[in-house]
Amino acid sequence: MGIRKLGYVGLEVADLGAWTDLLGRTLGVVVTHAKSGTDEVALAELDEFKYRLALYPSTQDRPRELGWIVDSPWELDRLTERLTGAGFTVADGSAEEQELRGATQLRWFTDPVGYRVELAVGEAKVRLGADRPAGGAGITGLGHFVLASPNLGELRELYESVLEFKLTDYRAPGLFFFRCNRTHHSIALAHADTTSIHHLEFEHGSIDDVGRAYDRAKANDVPISISLGRHMNDKAISFYIRNPSGFHLEIGCGGIEVGDDWIPHDFGRSDEWGHHHADANPFASPRS
């Protein structure tokens with residue numbers, strides 16, 4: 001498969017201070033600052049690579065780019081041909097953008113809901129491990145995100161048919177999980193009345209890391225939007241917090257890996273236990 005993993009996410013944020021406080025005090029993430037062209041950007045270090053989350057100060061909260069790491073320049077060219085053949089316009093990223101991402105090549109296109117999707121070759125490994133404050137969380141990287149939209153059919157066509165993601169499983173009436181490697185899913189697509197990122201997941205090394213993050217969230221009065229629980233499909237244990245941009249951050253660990261012999265199926269109810277929502281669950285079904 002040409003796409004290897006979810007590489008990074010860029011967000012425009014209205015309250016950068018609240019974001020850096022959440023990342024530092026509660027999640028133990030170091031945030032550095034850089035300049036790309038005329039843009040000021042804060043970079044969140046989740047692992048040994050340059051960054052996984054970029055925060056751009058703005059007057060509004062919205063996704064700026066969703067970045068996928070591609071295996072090779074040859075695969076980048078092949079995926080570009082598939083995208084252009086499907087009617088997407090693919091452009092090269094600027095030299096400043098490529099340098100900021102730590103990529104050797106960078107291309108992008110606009111998806112069916114208007115989000116900028118980037119395909120990058122190469123990652124800048126800048127340290128042996130994440131530079132964490134004393135007592136910082138055991139984050140091991142960026143896990144996945146869930147994109148909700150009324151354009152579900154077009155998004156499925158893009159990721160499944162054009163970009164060659166594999167369907168792992170689904171839950172009626174409109175929630176689908178896709179993988180680009182052995183991890184159960186790197187993206188999930190859901191039907192909703194309006195387009196938004198439902199959540200972004202930070203992968204942790206152990207249940208103890210998740211538990212310590214939970215304790216810090218409680219101690220720092222961070223709103224816990226979905227309680228601790230275990231998912232039915234990928235078996236991950238996690239909880240969710242409401243971030244300053246309004247959507248969820250999932251703090252999780254222990255998701256399963258699957259192979260080519262995996263058979264997609266409807267996994268029924270959403271959770272083995274827990275994951276009680278503070279607000280209405282937009283993906284609830286009679287079986288959840």
Side-chain angles (χ1 to χ4, degrees), residues 6 22-23 26-29 46 135-148 152 166-179 181-192 196-243 245-259 261-288:
L6 177 62
L22 170 65
L23 291 167
T26 298
L27 299 180
V29 174
L46 303 189
I139 298 177
T140 58
L142 190 59
H144 62 261
F145 69 95
V146 175
L147 176 55
L152 176 60
K166 294 181 179 180
L167 178 67
T168 303
D169 53 31
Y170 54 91
R171 185 163 63 89
L175 180 59
F176 301 87
F177 294 77
F178 296 94
R179 66 188 188 275
N181 51 45
R182 290 185 60 86
T183 300
H184 179 277
H185 63 280
S186 293
I187 183 173
L189 302 174
H191 181 269
S196 67
I197 290 182
H198 175 266
H199 73 262
L200 180 67
E201 190 243 359
F202 288 173
E203 188 69 23
H204 286 61
S206 71
I207 183 59
D208 289 332
D209 292 324
V210 171
R212 283 187 283 265
Y214 183 86
D215 283 348
R216 285 193 299 273
K218 296 285 284 187
N220 295 332
D221 295 322
V222 174
I224 295 174
S225 50
I226 304 176
S227 69
L228 190 70
R230 183 193 286 273
H231 288 305
M232 175 63 72
N233 61 342
D234 71 350
K235 308 305 180 186
I237 295 176
S238 66
F239 71 97
Y240 297 66
I241 56 181
R242 185 76 68 178
N243 69 52
S245 294
F247 63 92
H248 305 280
L249 283 183
E250 182 180 11
I251 309 303
C253 72
I256 62 173
E257 294 186 342
V258 300
D261 59 345
W262 182 270
I263 299 174
H265 61 282
D266 187 328
F267 58 90
R269 71 181 191 271
S270 59
D271 301 293
E272 296 269 14
W273 53 267
H275 282 152
H276 303 294
H277 290 240
D279 300 314
N281 179 3
F283 307 137
S285 73
R287 289 179 293 174
S288 54

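- Contact check for Ser238 versus Glu201: no side-chain heavy atoms found under the 4.5 Å cut-off.
- In this structure, the side-chain hydrogen bond (donor to acceptor under 3.5 Å, both in side chains) partners of Ser206, at least two apart in sequence or on a different chain, are Asp209.
- The nearest pair of heavy atoms linking Leu152 to Gly174 is CD2-O, 4.0 Å.
- His191 has its side chain out of reach of Pro173: every pair of non-hydrogen atoms, C-beta onward, lies at least 4.5 Å apart.
- Using a 4.5 Å heavy-atom threshold, the side chains of Phe202 and Leu142 count as touching.
- Asn243 meets the side-chain hydrogen bond (donor to acceptor under 3.5 Å, both in side chains) test with no other residue; sequence neighbours excluded.
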Verdict with supporting geometry, Leu228 and Val210, side-chain contact (heavy atoms from CB on, under 4.5 Å):
CA-CA 9 Å; Leu228 190 70; Val210 171; 4.1 Å; yes

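- Between Arg212 atom CZ and Ile207 atom CD1 the span is 10.5 Å, to the nearest 0.5 Å.
- When the salt bridge (charged side-chain N to carboxylate O under 4.0 Å, His left out) test is applied to Lys218, no partner is found at least two apart in sequence or on another chain.
- Applying the side-chain hydrogen bond (donor to acceptor under 3.5 Å, both in side chains) rule to His248 yields the partners Ser225; only residues at least two apart in sequence or on another chain are considered.
- Taking the side chain as every heavy atom from C-beta outward, Leu249 and His199 never approach each other to under 4.5 Å.
- Residue pairs meeting the ring-ring contact (aromatic ring centres under 6.0 Å, His included) criterion with at least one partner in residues 207-237, sequence neighbours excluded, are Tyr214-Phe239, His231-His275.
- Ile139 CD1 to Ile251 CD1: the interatomic distance, rounded to the nearest 0.5 Å, is 6.0 Å.
- Side chains of Ile187 and Leu6 form no contact here, defined as non-hydrogen atoms less than 4.5 Å apart.
- Using bins of under 30°, 30° to 60° and over 60° for the plane-to-plane angle, the ring pair His185/His144 lands in the tilted bin.
- Counting all heavy atoms, side chain and backbone alike, Thr26 lies closest to Ala213 at CG2-O, 4.2 Å.
- Pairs passing the salt bridge (charged side-chain N to carboxylate O under 4.0 Å, His left out) check and including a residue from residues 221-242, sequence neighbours excluded, read Lys235-Glu272, Arg242-Asp279.
- Tested against Phe176 for a side chain to side chain contact (heavy atoms under 4.5 Å, CB included), the candidates Asp169, Thr168, Leu167 yield a single pass: Leu167.
- Residue Phe177 forms a ring pair (Phe, Tyr, Trp, His ring centres under 6.0 Å) with just one option from Phe267, Phe145, Tyr170, and that option is Phe267.
- Counting heavy atoms from C-beta outward, Met232 and Asp271 have side chains that stay 4.5 Å or more apart.
- Looking at heavy atoms from C-beta onward, Arg179 lies in side-chain contact with Trp262 at the 4.5 angstrom threshold.
- Listed here is the closest heavy atom pair of Ser227 and Gly274: OG-C, 4.3 Å.
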**Prompt:** Does the pair His204 and Thr140 meet the rule for a side-chain contact (heavy atoms from CB on, under 4.5 Å), with working shown?
**Reply:** CA-CA 5 Å; His204 286 61; Thr140 58; 5.7 Å; no

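- Put simply, the side chain of Asn281 does not reach to within 4.5 Å of the side chain of Ile226, judged on heavy atoms.
- Leu175 CG to His198 NE2: the interatomic distance, rounded to the nearest 0.5 Å, is 9.0 Å.
- Within the model, atoms CG of Leu200 and CG of Leu147 stand 12.0 Å from one another, a figure rounded to the nearest 0.5 Å.
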